[in-house]
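Notes follow once the structure below has been shown.
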Amino acid sequence: MESIYNLSEDDFKLYLNNLGEKPFRAKQLIEWIYRHKITSFDEITNMKKDFIEKLKSDFVIDSLECVKLQESSDGTKKFLFRLHDGNLIESVLMVNEYGYSVCVTSEVGCNMGCAFCASGLKKKIRNLETSEIVLQIFMVERLANIKVTNIVIMGIGEPFDNYDNVIRFLRIVNNPLGFEIGARHITVSTCGLVPKIYEYSDFDLQVNLAISLHAPNDEIRNELMPINKTYNISTLIEAIKYYIEKTNRRVTIEYILLKGINDSMACANELCDLLHGLNVYVNLIPYNEVIEKPFKRSNQSDMRIFFDVLKKRRINVQLRKEQGSDIDAACGQLRSKQMKKEGLWGEK
Ligand code: SAH
């Protein structure tokens, strides 16, 4: 049966229309589900009995099973959830001065195959349903007893590879009667699926875009990110320019600093040349080392030099503060550990 958390306001309106019900019921339903957090349709008091029965026969109010909760000394919490079909996903809650940020998973596994990333150790099994992304927010709020203020779609998976479900998720969490999370407080991160960046440029909500660049040229990027062989850096930069023109919004560029790979001064200068004149903000990310991968985190001093080059050349840049590194917070680490423990990992 379909999860009630799959439906956006428009989906509810369509459903109601097909039943000959009034469209204002959509808002009422959203309030019951997201404000009152009903666990049974019987809790609804302002709708007819036979309509409630109809809801019961069409939808389920489901949840996610929390298998593990790890808490870091800095307050970061990492949740491991089990889905109805047994698959495992992770969500991370970070505490910032501006509120509570949740990093959500968008797919079970990932097909992008980035060389440094733990998520890609296993191929994608399936897309997440919209409801399974919504429920991550719901469960984190409930289990941590907080109100989420910011969302980043930077967990396991490539959100633009599950585009329609992610877009519906964005509409649901943005709904003023539901979670009411401002579009400007939400960031979608992509490894660079160029056609989807164009499509996303026309999306009506003012959600932020982050691009995982991680290299200043095709030679290095081809080695790190297979997607670059399909959409190379110049194609990607064109798409970013289009997005900026279309939306008038600043784009975040993510750049993991990998020791001896992409962290030289030459790389820093090349990155400045590439981004010169673009309305972007560069997030330099200390690498979270992954046991199965050969990559190492750059030295503190090299990271500082890299940062200073960008700063001097007037690129907006920050060296990201690290959170939760003591609790396997890097993409996919907790999931892979649990899969190994449960014998779900297999040989390949
Ligand atoms: N597929 C999307 C979103 C998920 S990854 C994307 O590629 O953007 C979110 C970010 O975490 C990406 O920038 C990714 O490159 C980065 N990342 C993955 N593994 C990491 C690790 N071990 N340490 C630091 N950042 C990592």
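For the numbers below, each heavy atom of this structure counts, side chains included, while hydrogens, waters and symmetry mates do not. Whatever order the structure lists them in is the order used to number ligands and atoms, beginning at 1. Bear in mind the structure is a predicted one, so any value in this text is a computation, not a measurement.
- Counting only non-hydrogen atoms, the option in P286, S212, P159 that gets closest to atom 7 (O) of ligand 1 is S212.
- Taking the centre and axis of the six-membered ring of Y287, the NZ or CZ atom of K259 falls outside the cone set by 45° and 6.0 Å.
- Atoms of ligand 1 lying under 4.0 Å from any heavy atom of C191, numbered from 1 in the order shown and given with element: 6 (C), 7 (O), 8 (O).
- Partners of Q28 by side-chain hydrogen bond (donor to acceptor under 3.5 Å, both in side chains), not counting sequence neighbours, listed by chain and number: R25.
- Only side-chain heavy atoms of I256 come within less than 4.0 Å of ligand 1; its backbone N, CA, C and O stay farther off.
- By heavy-atom distance, the residue among F295, Y287, F160 lying nearest atom 21 (C) of ligand 1 is Y287.
- We find that D50 and K54 are not joined by a salt bridge, their nearest charged nitrogen and carboxylate oxygen being 4.0 Å or further apart.
- Taking every non-hydrogen atom of G157 and a distance limit under 4.0 Å, the qualifying atoms of ligand 1 come out as 1 (N), 2 (C), 3 (C), 4 (C).
- Between D161 and K196 there is no salt bridge, since none of the side-chain N atoms of the basic residue sits less than 4.0 Å from a carboxylate O of the acidic one.
- Using a 4.0 Å cutoff on heavy atoms, G155 counts as a contact of ligand 1.
- Only the side chain of E254 comes within 4.0 Å of ligand 1, judged by heavy-atom distances.
- Listed by atom number, the atoms of ligand 1 under 4.0 Å from V290 heavy atoms are 22 (N).
- The pair D10-R171 fails the salt-bridge criterion, with no side-chain N (NZ, NE, NH1 or NH2) lying under 4.0 Å from an Asp/Glu carboxylate O.
- Counting heavy atoms closer than 4.0 Å to ligand 1, residue I156 contributes nothing at all.
- The residues E9 and K13 are annotated as salt-bridged, a charged nitrogen and a carboxylate oxygen being separated by less than 4.0 angstrom.
- In this structure, C110 has no heavy atom closer than 4.0 Å to ligand 1.
- The hydrophobic cluster around V309 extends to M265, I305, counting ILVMFWY residues whose side-chain heavy atoms fall within less than 4.5 Å of a member.
- The cluster map of Ile, Leu, Val, Met, Phe, Trp and Tyr, joined by side-chain heavy atoms under 4.5 Å apart, puts V60 and F12 in different clusters.
- Under 4.0 Å from ligand 1, the heavy atoms of H214 that appear belong solely to its side chain.
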